[in-house]
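Everything numeric in this text was worked out from a predicted model, so none of it was measured.
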Amino acid sequence: MLVDKIIQFENHFAELQANVVEKPYGRIFYDRDNPLSYDSNHAYIKEDFDGDWDLVINEIIVFYREIAITPRVYTFTKSKSRAGLFLEKKEFLKQIEEISFYVQKNKKLIDRVRTIDIRRLHLSDETKISHFGQELSEWGYKSLMKALGNKNFYLFGGYEDDSLVCMASMYKQGDISRINDVFTKSDKRGKGYGAQLINFITEFNDKTLHTVSYLYANNPIAINMYKKAGYEEMKEMIRGCYWVE
């Protein structure tokens, strides 16, 4: 099922921007250079793990404390997380969200004339991307730059008069891709640049990657735009974030 593929994708998404330690029970993601990024510094425990949970949780706590980062575990499930139950018993704090992802099930182009030049960005474009630095969080900028080193990560920039004014990314794993980082500079919003980027990505995916694309959104204006591009809501996912001070 598609929802299972997306859950699998989300559980491993951090490999794009973090170092990975493979474990029999799952994976530990970390980036000492970006300690403020929760997405870059958390563990994933397989829901079907059949071993010593106390040992695993203690190992995760020790690992992160040794590098001075808050121990944190993410869960993505269709129902209550088995891993989450064990973490609660170990007195982890928690934040649980019933979240909606949007899947492009019926590809459409939004009725918007192209007024910007859209190109793929690379590590060599760091100076141009850094102009967004004041509007992006420090940890978000660091995560973005690290992701640029991955061959399956595509960052597209929109140029107005040769000035970078907006961007959006796409990360491919198998036959699934995740749209992320859809962002327009604050003084350039309201011109339809986001819609133009989504149209570009729709065509790029259709001609080059041939994947099912999905994204996360909670802004009503953005959601309306995505629906115009054929994205439909998928509600069957629960995201958990567990941590211990």
First locate atom [atom1] of [X], then atom [atom2] of [Y], and finally report the distance between them rounded to the nearest 0.5 Å.
X: E15; Y: N150; atom1: CD; atom2: CG; answer: 7.5 Å
X: T211; Y: I176; atom1: OG1; atom2: CD1; answer: 7.5 Å
X: M237; Y: S79; atom1: CE; atom2: OG; answer: 12.0 Å
X: K108; Y: K228; atom1: NZ; atom2: NZ; answer: 11.0 Å
X: I6; Y: M1; atom1: CD1; atom2: CE; answer: 10.5 Å
X: S124; Y: I129; atom1: OG; atom2: CD1; answer: 8.5 Å

Taking the six-membered ring where the residue is Trp, are the ring centres of [X] and [Y] under 6.0 Å apart?
X: Y171; Y: F9; answer: yes
X: F101; Y: Y214; answer: yes
X: F92; Y: F86; answer: no
X: F200; Y: F156; answer: yes
X: F204; Y: Y154; answer: yes

Are [X] and [Y] close enough that a side-chain donor and a side-chain acceptor fall under 3.5 Å?
X: N34; Y: S143; result: yes
X: Y193; Y: E160; result: yes
X: D181; Y: S169; result: yes
X: T77; Y: E47; result: no

ILVMFWY cluster, [X] and [Y] together (side-chain gap under 4.5 Å):
X: L36; Y: F13; answer: no
X: I7; Y: Y44; answer: no
X: I179; Y: F76; answer: no
X: I67; Y: V73; answer: yes
X: Y64; Y: L87; answer: yes

Ignoring hydrogens, what is the shortest heavy-atom contact between [X] and [Y]? Give both atom names and the distance.
X: R178; Y: Y216; result: NH2-CB, 4.0 Å
X: S177; Y: M170; result: OG-CE, 3.2 Å
X: A229; Y: I198; result: CB-CG2, 3.7 Å
X: K235; Y: S100; result: CG-OG, 3.8 Å
X: Y102; Y: K227; result: CE2-CE, 4.3 Å
X: L197; Y: G158; result: CD2-N, 4.4 Å

Take V244 and L93 through the side chain to side chain contact (heavy atoms under 4.5 Å, CB included) test and state the conclusion after the steps. CA-CA 6 Å; V244 62; L93 302 174; over 6 Å; no
Taking [X] for the side chain and [Y] for the main chain, is one N or O donor matched with an acceptor at less than 3.5 Å?
X: D125; Y: K128; answer: no
X: K105; Y: G230; answer: no
X: R114; Y: Q196; answer: no
X: N224; Y: P220; answer: no

I'd like to check [X] versus [Y] (side-chain heavy atoms, cut-off strictly below 4.5 Å). Are they in contact?
X: Y226; Y: Q104; value: no
X: N41; Y: F29; value: no
X: V103; Y: Y231; value: no
X: V212; Y: L2; value: yes
X: I99; Y: N218; value: no
X: N199; Y: I110; value: yes
X: R72; Y: Y38; value: yes
X: I238; Y: K78; value: no

Side chain to side chain contact (heavy atoms under 4.5 Å, CB included) for K23 and I28? Distances and angles first, verdict last. CA-CA 7 Å; K23 294 290 184 179; I28 293 177; 4.2 Å; yes
More than 12 heavy atoms from other groups under 6.0 Å of [atom1] on [X]:
X: L85; atom1: CG; value: yes
X: K5; atom1: NZ; value: no
X: D161; atom1: CG; value: no
X: D111; atom1: CG; value: no
X: R32; atom1: CZ; value: no
X: D50; atom1: CG; value: no

Any chance you could lay out the ring-ring contact (aromatic ring centres under 6.0 Å, His included) test for Y30 and F63, step after step, and finish with the verdict? CA-CA 10 Å; Y30 72 98; F63 178 90; 5.4 Å; yes
From the options E98, E97, E10, select the one residue that forms a salt bridge (Lys or Arg N to Asp or Glu O under 4.0 Å) with R239.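 Among the candidates, only E97 passes.
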Begin with the C-alpha distance, continue with both residues' side-chain angles, and end with the deciding distance and a verdict on side chain to side chain contact (heavy atoms under 4.5 Å, CB included) for D31 and K146. CA-CA 10 Å; D31 184 356; K146 188 151 190 173; 3.7 Å; yes
Is the closest basic N to carboxylate O distance between R119 and D162 below 4.0 Å?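 Salt bridge: yes.
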With the threshold set at 4.0 Å, does a side-chain nitrogen-carboxylate oxygen contact exist between D48 and R82?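 Looking at R82 together with D48, the answer is no, because their closest N to O distance does not fall below 4.0 Å.
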Give the C-alpha distance, both sets of side-chain angles, the deciding distance and a yes or no for side chain to side chain contact (heavy atoms under 4.5 Å, CB included) between K107 and D206. CA-CA 9 Å; K107 294 180 181 179; D206 196 44; 3.6 Å; yes
